[in-house]
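The figures here come from the full heavy-atom set of this structure, side chains too, leaving out hydrogens, waters and symmetry mates.
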Amino acid sequence: MARQPMLKFVNIGRDMPEKRDANVRNHDFHEIYAEYAEAKAAEQASRCSQCGVPYCQTHCPLHNNIPDWLRMTAMGRLKEAYELSQATNTFPEICGRICPQDRLCEGNCVIETAGHGTVTIGAVEKYITDTAWENGWVEEIVPMAARGESVGIIGAGPGGLAAADVLRRAGVQVTVYDRHDRAGGLMTYGIPSFKLEKDVVMRRVAQLERAGVEFVLNCNVGVDLSFQAIRGQHDAVLLATGVYKSRELTGPGAGAKGIVRALDYLTASNRIGFGDEVEAFENGTLNAAGKRVVVIGGGDTAMDCVRTAIRQGATSVKCLYRRDRANMPGSQREVANAEEEGVEFVWLAAPKGFGGDPVSGVMVQKMRLGAPDVTGRQSPEPIDGADYVEPADLVIKALGFEPEDLPTLWEEEALPVTRWGTIKADFQTGATELPDVFAVGDIVRGASLVVWAIKDGREAAAAILAGFDAQASQVAAQ
Ligand code: FAD
Ligand code: SF4
Ligand code: SF4
């Protein structure tokens with residue numbers, strides 16, 4: 001009888017790829033996890049119990065065929081594992097690196113419920129795709145016979161790029177417009193390279209360019225080129241512009257020098273990583289070196305800021321969050337990484353105001369958790385008399401993002417938006433009420449995740465193609 005390659009979770013424990021020593025990694029911007037060796041990846045994949053109803057797959061936004069590619073990996077059939085994984089995911093090596101797996105696939109792995117650690121799905125997904133790139137198994141995108149239609153995509157983040165990939169493969173002419181000088185959206189300029197090294201993103205952009213996707217960069221739609229002009233040039237338009245309006249702080253002194261926005265800070269750091277000249281970094285405005293840094297917020301953006309500040313050589317880095325550890329929105333894995341690297345978390349603490357200009361301190365109001373609100377989440381409330389000043393030379397605001405007012409900026413009042421300012425679009429197809437205009441990713445969902453943007457982009461591209469086919473059949477029938 002053939003040897004059973006799977007169900008090894010009883011005897012083999014969960015083992016993540018090795019993390020680089022915190023005191024070494026906090027001095028550089030390289031990714032913190034080493035790659036699995038082949039035997040280790042096979043061993044970890046073999047822990048999967050091959051569930052008949054795989055909850056990991058159900059809870060992966062892309063419904064990746066996880067049990068099958070784990071089995072192929074366990075059997076050493078890596079090329080087949082890669083082929084399965086790339087069939088449902090445009091950028092598996094990116095998701096393997098940065099999906100919050102504890103909230104998605106791994107968080108729903110049944111062997112954890114049975115008291116064993118989850119299968120390390122994300123790390124295996126990264127391993128098989130990195131191996132595919134190394135071995136030349138990632139094939140060039142070869143477009144099918146050229147079609148007459150063209151699609152304009154506004155926004156070169158994961159949503160826009162995933163759609164570009166599907167459309168170009170089908171033979172559509174694709175033009176991607178972006179206001180930045182490099183494609184990739186937040187994968188390029190938001191997420192730091194210690195989570196996602198930039199050559200991983202640029203390699204995918206180059207693959208799309210070689211396939212004939214045209215990138216029009218440094219093009220701020222609404223300023224350099226109108227939305228209406230883009231609509232006039234293409235048969236369909238896809239909006240994938242993300243959300244970029246930072247939530248602001250109020251209170252005395254909130255406008256002082258030295259209080260900066262998270263995304264400005266992270267973009268500058270990522271640009272330095274690319275070797276760009278960034279004046280605001282050189283003159284110290286967006287550089288934490290030698291400073292006492294306070295980051296305000298408890299989400300993943302705040303985690304990225306504190307860990308960037310440590311690497312830039314801040315003398316101290318503190319993260320203030322108004323709820324406690326259990327109630328923070330950021331990933332617990334990232335909090336643990338930050339703590340190992342030397343970040344101090346100050347829970348139940350909210351800024352009340354700021355002293356000095358340039359800033360010299362944050363007036364901190366200590367909080368406690370009160371009664372649950374309508375969502376069931378306990379609301380923070382101030383503790384009278386419990387305030388103090390936290391010294392700071394650089395304060396980074398990481399309170400989340402909201403959509404820009406696109407109908408006004410683009411002078412297109414008919415663009416349908418929700419009361420939160422996100423674009424109103426069908427969740428399955430991305431179709432908006434404007435004919436032949438689709439929308440995907442954060443601009444529809446609000447600040448979300450790369451994997452959801454990829455899912456949306458793929459699905460909207462399929463809907464656009466179906467629309468083109470339907471129009472072509474109508475013309476043929478006339
Ligand atoms: P974006 O990636 O935001 O791309 C939108 C693009 O549109 C940008 O390139 C922008 O320049 C362009 N654009 C906008 N307006 C215009 C215009 N008028 N004209 C031309 N171009 C325009 N998600 C994860 O899954 N894991 C993580 O670890 C993670 N970490 C994050 C860390 C940070 C600091 C931030 C801010 C977000 C993080 N996210 C993470 C969320 C994730 O990056 C987003 O959900 C995802 O990138 C959304 O994809 P998108 O394609 O909708 O938009
Ligand atoms: Fe898990 Fe993300 Fe990969 Fe899906 S895409 S299997 S959620 S890591
Ligand atoms: Fe394997 Fe866990 Fe998915 Fe079950 S839930 S198929 S054990 S990875």
Side-chain angles (χ1 to χ4, degrees), residues 61-65 86-91 139 141-178 207-208 211-216 221 225-242 406-407 410 412-418 422-445 448 451-478:
L62 294 161
H63 301 310
N64 282 341
N65 192 346
Q86 61 86 47
T88 49
N89 190 350
T90 318
F91 308 128
E139 289 173 7
I141 299 167
V142 182
M144 289 162 72
R147 305 177 56 126
E149 302 96 347
S150 86
V151 175
I153 298 178
I154 309 176
L161 296 185
D165 177 276
V166 173
L167 291 165
R168 189 65 199 124
R169 282 177 199 274
V172 172
Q173 302 303 312
V174 181
T175 307
V176 182
Y177 303 86
D178 201 289
Q207 189 193 24
L208 288 164
V213 172
E214 191 190 343
F215 285 90
V216 180
V221 174
L225 186 61
S226 73
F227 172 62
Q228 294 74 8
I230 291 177
R231 269 189 96 188
Q233 280 171 34
H234 300 282
D235 299 288
V237 175
L238 179 74
L239 311 185
T241 50
L406 289 187
W410 290 0
E412 185 55 77
E413 289 306 319
L415 196 60
V417 289
T418 65
T422 48
I423 300 285
K424 208 189 274 181
D426 183 287
F427 264 103
Q428 203 72 48
T429 64
T432 71
E433 284 159 16
L434 276 188
D436 302 317
V437 175
F438 296 73
V440 295
D442 282 7
I443 191 60
V444 176
R445 295 175 176 274
S448 178
V451 65
W452 284 111
I454 296 172
K455 176 205 175 265
D456 290 353
R458 291 170 66 94
E459 288 184 354
I464 291 171
L465 288 171
F468 288 162
D469 288 343
Q471 279 166 16
S473 331
Q474 268 175 12
V475 171
Q478 278 164 10

Do Ser448 and Asp442 get their side chains close enough for a donor-acceptor pair, meaning under 3.5 Å? no
Derivation of the side chain to side chain contact (heavy atoms under 4.5 Å, CB included) call for Ile443 and Leu406: CA-CA 10 Å; Ile443 191 60; Leu406 289 187; 4.0 Å; yes
NZ/NE/NH1/NH2 to OD/OE distance under 4.0 Å, Arg147 and Asp469: yes
Could you check whether any side-chain heavy atom of [X] comes within less than 4.5 Å of a side-chain heavy atom of [Y], counting everything from C-beta outward?
{"X": "Arg231", "Y": "Leu434", "value": "yes"}
{"X": "Thr241", "Y": "Trp410", "value": "yes"}
{"X": "Leu208", "Y": "Leu161", "value": "yes"}
{"X": "Ile423", "Y": "Leu239", "value": "yes"}
{"X": "Ile454", "Y": "Asp456", "value": "no"}

Check against side chain to side chain contact (heavy atoms under 4.5 Å, CB included), Glu459 and Phe427: CA-CA 9 Å; Glu459 288 184 354; Phe427 264 103; over 6 Å; no
Between Asp235 (side chain) and Ser150 (backbone), is there a donor-acceptor pair under 3.5 Å?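 Confirmed, Asp235 side chain pairs with Ser150 backbone.
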Do the side chain of Arg458 and the main chain of Ala462 share a donor and acceptor less than 3.5 angstrom apart?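 Not confirmed, Arg458 side chain does not pair with Ala462 backbone.
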Once you measure the plane-to-plane angle for His234 and Tyr177, does it fall in the parallel (<30°), tilted (30-60°) or perpendicular (>60°) bin? perpendicular
What do the steps show when you test Val151 against Gln173 for side chain to side chain contact (heavy atoms under 4.5 Å, CB included), and what is the final call? CA-CA 6 Å; Val151 175; Gln173 302 303 312; over 6 Å; no
